[in-house]
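Per chain, numbering begins at 1; letters A, B, ... match sequence-line order.
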Amino acid sequence: MTAKQELAKAYEFKEVEEKWYTTWLRDKTFRATMEEGKPSFSIVIPPPNVTGVLHVGHALNNTLQDILVRYRRMQGHNTLWVPGTDHAGIATQNVVEKQLAAEGTSRHDIGRHKFVERIWQWREQSGGQIINQLKRLGCSCDWDRERFTMDEGLSRAVREVFTRLYREGLIYKGDYIINWCPRCHTALADLEVEHEPTDGKLYHIRYPFASGDGYLVVATTRPETMLGDTAVAVHPADERYNNLPEKAVILPLVDRKIPIVFDTHVEMEFGSGALKVTPAHDLNDFEIGRRHDLPAVKIMDDNGVMNEAAGAYAGLDRFACRKKVVADLEARGLLEKIEPLQHGVGHCYRCATVVEPTLSKQWFVSVKPLAEKAIQAVKSRRIRIHPASWENTFYDWMYNIRDWCISRQIWWGHQIPAWTCEECGELIVATENPTRCPKCEGSALRQETDVLDTWFSSALWPFSTLGWPDETPELTMFYPTSVLITSFDILFFWVARMMMMGLHFMGEIPFRDVYLHALVRDAQGQKMSKSKGNVLDPLELMDKYGTDALRFTMAAFAAQGRDIKLAEERIEGYRHFINKIWNAARFALMHLGEVDAGVAATVADRDDLSLPHRWILSRTDRAVTEVVPIGHGGGDACVHLAQMHEAEAGGVPFVTEEIWQVLPGERSSIMLEPFPEEHEGHLDEEAEKGVELLMGVITGLRNIRSEMQIHPSAAISSLILCPDADRARFIEEETETIKTMTRAESITVRRETERPKGAASYIHSDIEIFVPLAGLVDIDKETAKLDKEKEKAEAQLRKVEGKLGNEKFLANAPAEVVAKEREKQETLSATLAKIDANRQRLSDLKS
RNA sequence: AGGCGCGUAGCUCAGUGGGAGAGCGCUACACUGACACUGUAGAGGUCGGCGGUUCGACCCCGCCCGUGCCUACCA
């Protein structure tokens with residue numbers, strides 16, 4: 001044995017993983033090269049939240065990225081994988097707020113400055129956790145370039161973008177109905193609101209006409225909002241309301257006279273066809289209010305508690321108020337009925353509190369002009385989305401896009417770079433903190449307290465991480481990035497917004513291919529969540545099965561559709577496979593001298609090599625050439641990832657490095673080696689055909705042993721009937737191999753012969769293999785088996801003959817298909833004849 | 001309500017118009033000098049249902065059933 005060291009009997013991943021990752025980090029093996037004249041390949045990581053710990057989705061996402069990165073690195077590209085994390089505004093703030101609550105204090109008690117300081121502290125100590133976990137996963141990121149969405153450089157990019165958009169008129173401040181979370185105390189974007197079907201009640205309330213008798217009935221699920229009603233709307237085509245005595249009603253409890261307006265938004269079929277209009281607390285009502293110039297009365301404060309405008313109800317929580325309003329209406333005989341109703345109720349995606357639509361001053365991005373460019377980029381195929389089925393969803397969303405509310409009333413994030421002059425009221429937007437008002441020279445400037453939506457900074461990720469707004473060499477070399485790999489659930493949150501920002505500020509797409517992978521669910525298809533207790537922790541899985549096994553499992557899921565149901569057994573299976581690679585390597589090392597000779601072999605000395613070596617070289621060559629390069633020219637990253645499983649460049653980095661390093665000679669990391677290429681003369685069809693033939697014969701003999709239940713140690717002899725002269729000679733030359741593999745005592749090869757009586761037979765293409773059954777064989781059982789085989793073959797033959805007897809088939813089917821059917825017919829007939837002969841031999845044996 | 005998926009072996013999934021596949025599981029047998037994280041062999045499927053197109057359908061089309069997700073929500 002010429003190996004450098006004795007190899008452990010089983011692959012011990014723990015030591016190997018630790019050893020190599022430490023070495024890679026020490027040697028900075030992942031560092032991006034920036035050499036002239038080489039093609040470049042770059043990926044920016046979807047930055048995980050600093051609050052996060054690694055979950056299986058991350059494992060999938062980052063394994064796929066790492067495979068591409070390692071493959072390109074081996075191909076000699078200037079390869080950069082930018083790692084980093086996201087500050088995740090609301091989520092992170094919530095975590096620290098919970099800590100404060102546990103300490104009996106709150107952010108309001110300690111104040112903004114201290115609170116933000118506290119979050120930074122928390123980020124320092126545990127925010128890097130996920131980075132370490134990515135390292136554990138073997139990710140080959142250029143760690144010297146790690147970025148954070150709130151680091152200095154990125155914050156500069158954020159201010160620059162905000163200022164430019166403001167000057168271009170694409171950012172504005174305005175009144176709008178926003179989704180307000182009374183617990184998080186912040187506005188939520190539409191995307192951040194989750195609608196859950198909830199069993200609620202539909203209250204039918206009588207609104208008396210302003211004069212005379214009678215009333216209109218309106219229906220609502222939120223009766224407390226009536227306190228803020230400023231109109232009742234009916235459909236202009238609704239005949240019931242064409243001839244109203246008066247176009248006003250008295251708002252009960254409040255005793256306010258409010259108009260009846262006509263608006264087509266009202267559904268005539270729903271309830272009574274009359275809709276109460278609360279412009280300050282409902283988006284649709286807000287729009288009706290705008291159309292009819294209605295006032296908006298805000299009746300709640302930021303905590304969801306009724307304010308002075310609610311009159312007698314002021315100070316009540318919104319749900320308590322609801323009860324009281326209903327009770328009061330009932331007492332006055334104004335509640336017509338209450339019906340059960342299931343309807344969607346919006347919840348905060350972070351804390352699940354019922355959101356309250358509220359009128360508020362917020363900052364917005366006018367996204368329509370930006371969206372247009374993104375749509376064009378996808379339509380023109382400059383950006384390709386894989387799988388392409390997502391394109392329609394993408395267009396649908398982009399065409400119907402609404403202005404993006406970017407202000408958040410929280411403290412953790414990029415504070416909006418806008419100031420109001422307290423003296424003249426001038427609004428100043430600037431990249432640097434201003435000291436004087438440019439209009440009145442006043443120095444009392446007050447900065448906006450709101451911060452930006454988290455996605456505002458991550459939208460800039462592909463260029464901000466490369467040094468923008470400076471014109472850095474990195475931007476020149478690595479922008480646009482090559483591929484973006486992410487999960488489809490953030491296609492709109494993140495991917496679309498990166499497209500918009502990249503196109504607008506770089507004048508160039510941010511990435512060429514977007515590969516959307518599936519969502520990992522548990523083995524039952526349920527979404528993984530801590531509350532369900534079905535979370536598979538990737539760290540535990542790596543402890544149990546090794547990183548390579550986990551990664552291989554992830555890679556196998558690359559082409560999966562929308563859901564991945566992860567069963568732990570699958571990972572275990574791949575651990576076995578990794579171990580198989582390991583032991584195959586040990587086996588190879590035992591014969592290293594020969595293998596070395598083989599690797600160096602050329603066509604000239606092919607004859608010196610043994611058949612198995614020629615075969616192995618040929619098969620290896622095939623495996624290499626059949627790997628399809630990823631993302632190359634109009635490539636489809638999705639399909640190509642799926643085709644990677646044969647060679648799996650970079651899919652299993654640890655075991656391959658370990659094996660590579662125990663090979664003789666001094667070696668640098670395998671990941672810096674050129675990716676294997678086709679070897680001149682290795683492809684060897686003769687060897688492949690030969691081995692295939694041998695395998696057929698060996699399988700046949702083993703099969704007979706197994707089928708006839710001949711004890712493995714029992715000696716058998718075999719007669720092989722092979723009509724083809726070359727093949728017959730070949731088998732004869734290889735009889736020793738066959739004997740070894742099958743424990744046969746003797747092998748006789750004939751080109752023609754009488755079929756022996758009392759022998760089992762097996763057919764491999766044109767070859768027939770006989771083993772005389774001298775002794776204990778259950779003849780009846782074997783006969784039954786043969787009958788079953790015969791039945792199958794006959795059924796197939798009937799099918800084939802049916803086709804061949806069909807004139808239309810003969811007329812319409814392509815010639816090669818017909819020929820194939822003819823061939824099939826012959827083979828089947830021959831098989832049937834042989835089965836019959838076998839049966840005959842069995843009965844001969846019996847008598 | 002609209003949109004997008006999915007339904008193939010016990011389980012998880014491949015399979016883009018001409019002989020139903022893989023892994024795991026299961027059954028039987030074996031070995032212990034690369035490997036029990038093993039080897040060899042085997043059983044197991046009206047490809048959700050009905051209809052259509054075609055010489056021919058797991059594959060294309062229509063309808064139905066079941067199931068999952070996304071978007072918008074009739075207050």
Side-chain angles (χ1 to χ4, degrees), chain A residues 7 9-11 190-191 195 197 202-203 218-222 225 233 265-278 282-285 341 343-346 387 389-390 392-393 396-397 400 488-489 491-492 518-519 521 523-527 545-546 549 553 556-557 559-591 642 645 698-699 702-707 709-713 741-742 785 796 799-800 802-803 806-814 816-818 820-821 823-824 827-828:
Chain A
L7 297 184
K9 201 166 171 177
Y11 174 56
D190 291 342
L191 284 172
H195 289 92
L202 188 62
Y203 302 86
V218 300
T220 179
T221 53
R222 297 187 299 151
T225 61
H265 168 260
V266 179
E267 294 276 337
M268 288 190 274
E269 289 74 29
F270 190 88
S272 61
L275 168 70
K276 62 187 272 310
V277 181
T278 323
D282 184 278
L283 177 59
N284 289 315
D285 292 6
L341 177 77
H343 62 129
V345 174
S389 53
W390 282 104
N392 276 337
T393 318
D396 200 46
W397 190 75
N400 297 308
F488 62 79
D489 56 338
L491 177 60
F492 306 131
L519 227 49
R521 299 169 190 280
Q524 277 74 45
Q526 302 272 321
K527 208 166 184 170
Y545 304 108
T553 313
F557 282 132
Q560 202 119 330
R562 296 169 63 125
D563 298 327
I564 290 172
K565 292 188 214 166
L566 182 60
E568 203 171 326
E569 294 76 42
R570 184 125 183 202
I571 309 170
E572 194 179 6
Y574 286 123
R575 178 183 69 177
H576 297 170
F577 176 70
I578 305 281
N579 194 53
K580 179 55 77 180
I581 293 177
W582 175 251
N583 279 299
R586 289 179 68 206
F587 183 67
L589 279 165
M590 288 173 65
H591 307 282
H645 53 249
I698 291 163
T699 302
R702 284 176 174 173
N703 187 287
I704 289 170
R705 254 189 201 284
S706 169
E707 291 287 295
Q709 303 197 350
I710 301 168
H711 196 271
S713 57
M741 303 292 279
T742 60
K785 251 185 206 164
Q796 282 179 24
K799 213 171 155 186
V800 171
K803 279 188 188 176
N806 183 342
E807 278 173 32
K808 285 181 177 170
F809 172 73
L810 297 176
N812 292 318
E816 62 264 28
V817 172
V818 177
K820 211 173 160 190
E821 290 297 317
E823 210 176 292
K824 231 191 285 178
T827 316
L828 283 169

Between B:rG25 and B:rG17, how many Å separate the two C1' atoms, rounded to a whole number? 33 Å

For A:His576 and B:rC35, what is the distance between atoms NE2 and C1' respectively, to the nearest whole Å? 12 Å

Need to verify one output field. Residue with the more 5' nearest nucleotide on RNA chain B, A:Tyr11 or A:Phe270? A:Tyr11

Whole-Å P distance, B:rG18 and B:rU27: 36 Å

According to the Watson-Crick and G-U wobble definitions, with both distances under 3.5 Å, which nucleotide is paired to B:rU12? B:rA22

Roughly, in whole Å, what's the span from CG in A:Asn284 to P in B:rA75? 10 Å

For A:Phe809 and A:Glu821, which heavy atoms make the closest approach, and how far apart are they? CZ-CG, 3.7 Å

Donor-acceptor pair, side chain of A:Asn583 and main chain of A:Asn579, under 3.5 angstrom: yes

Between A:Asn703 and A:Thr699, is there a donor-acceptor pair closer than 3.5 Å when you use the side chain of the first and the backbone of the second? no

Whole angstrom is fine here: how far is it from CD in A:Glu807 over to C1' in B:rC55? 11 Å

Rounded to whole angstroms, how far apart are CD1 on A:Ile571 and P on B:rG25? 14 Å

Please report the distance, rounded to the nearest Å, between NZ in A:Lys580 and P in B:rG23. 13 Å

Which listed nucleotide (B:rG18, B:rC35, B:rA34) is nearest to the side chain of A:Ala584? B:rA34

A:Tyr574 OH to B:rC13 C1', in whole Å, measures 10 Å

With rounding to the closest Å, how many angstrom separate the C1' atoms on B:rU71 and B:rG62? 26 Å

Residue A:Asn806, side-chain atoms from C-beta onward, closest of B:rC35, B:rC55, B:rA75: B:rC55

Without decimals, in angstroms, what is the distance between A:Phe577 CZ and B:rG39 P? 12 Å

Considering only atom P, compute the distance from B:rA43 to B:rU38 and round it to an integer number of Å. 22 Å

Is any side-chain nitrogen or oxygen of A:Asn703 closer than 4.0 Å to OP1 or OP2 of B:rG42? yes

pair A:Arg222-A:Thr278: side-chain heavy atoms closer than 4.5 Å: no

Would you call the rings of A:Trp397 and A:Phe492 parallel, tilted or perpendicular, taking 30° and 60° as the class edges? parallel

Min side-chain heavy-atom separation A:Arg702-A:Met741 under 4.5 Å: yes

Under 3.5 Å on both distances, the Watson-Crick or G-U partner of B:rU54: none

Please determine, for B:rG5, whether a Watson-Crick or G-U wobble partner exists with both distances under 3.5 Å, and give it or none. B:rU67

Quantified in whole Å, what is the C1' atom distance between nucleotide B:rC24 and nucleotide B:rA14? 14 Å

In terms of the nearest nucleotide of RNA chain B, which residue is placed more toward the 5' end: A:Asn812 or A:Ala10? A:Ala10

Quote, to the nearest angstrom, the C1' distance that separates B:rG19 from B:rG45. 16 Å

Integer angstrom distance from the C1' of B:rC60 to that of B:rG3: 22 Å

Report yes or no: is there a donor-acceptor pair, N or O only, under 3.5 Å between the side chain of A:Lys9 and the base of B:rC35? no

Should B:rA34 form a Watson-Crick or G-U wobble pair with both distances under 3.5 Å, which nucleotide is its partner? none

If you compare every side-chain N and O of A:Asn583 against the phosphate oxygens of B:rA34 (OP1, OP2), does one of them come in below 4.0 Å? no

Could you tell me how far B:rG7 sits from B:rG15 if I compare only their C1' atoms? Round to whole Å. 15 Å

Between P of B:rG19 and CD of A:Glu821, the distance in whole Å: 6 Å

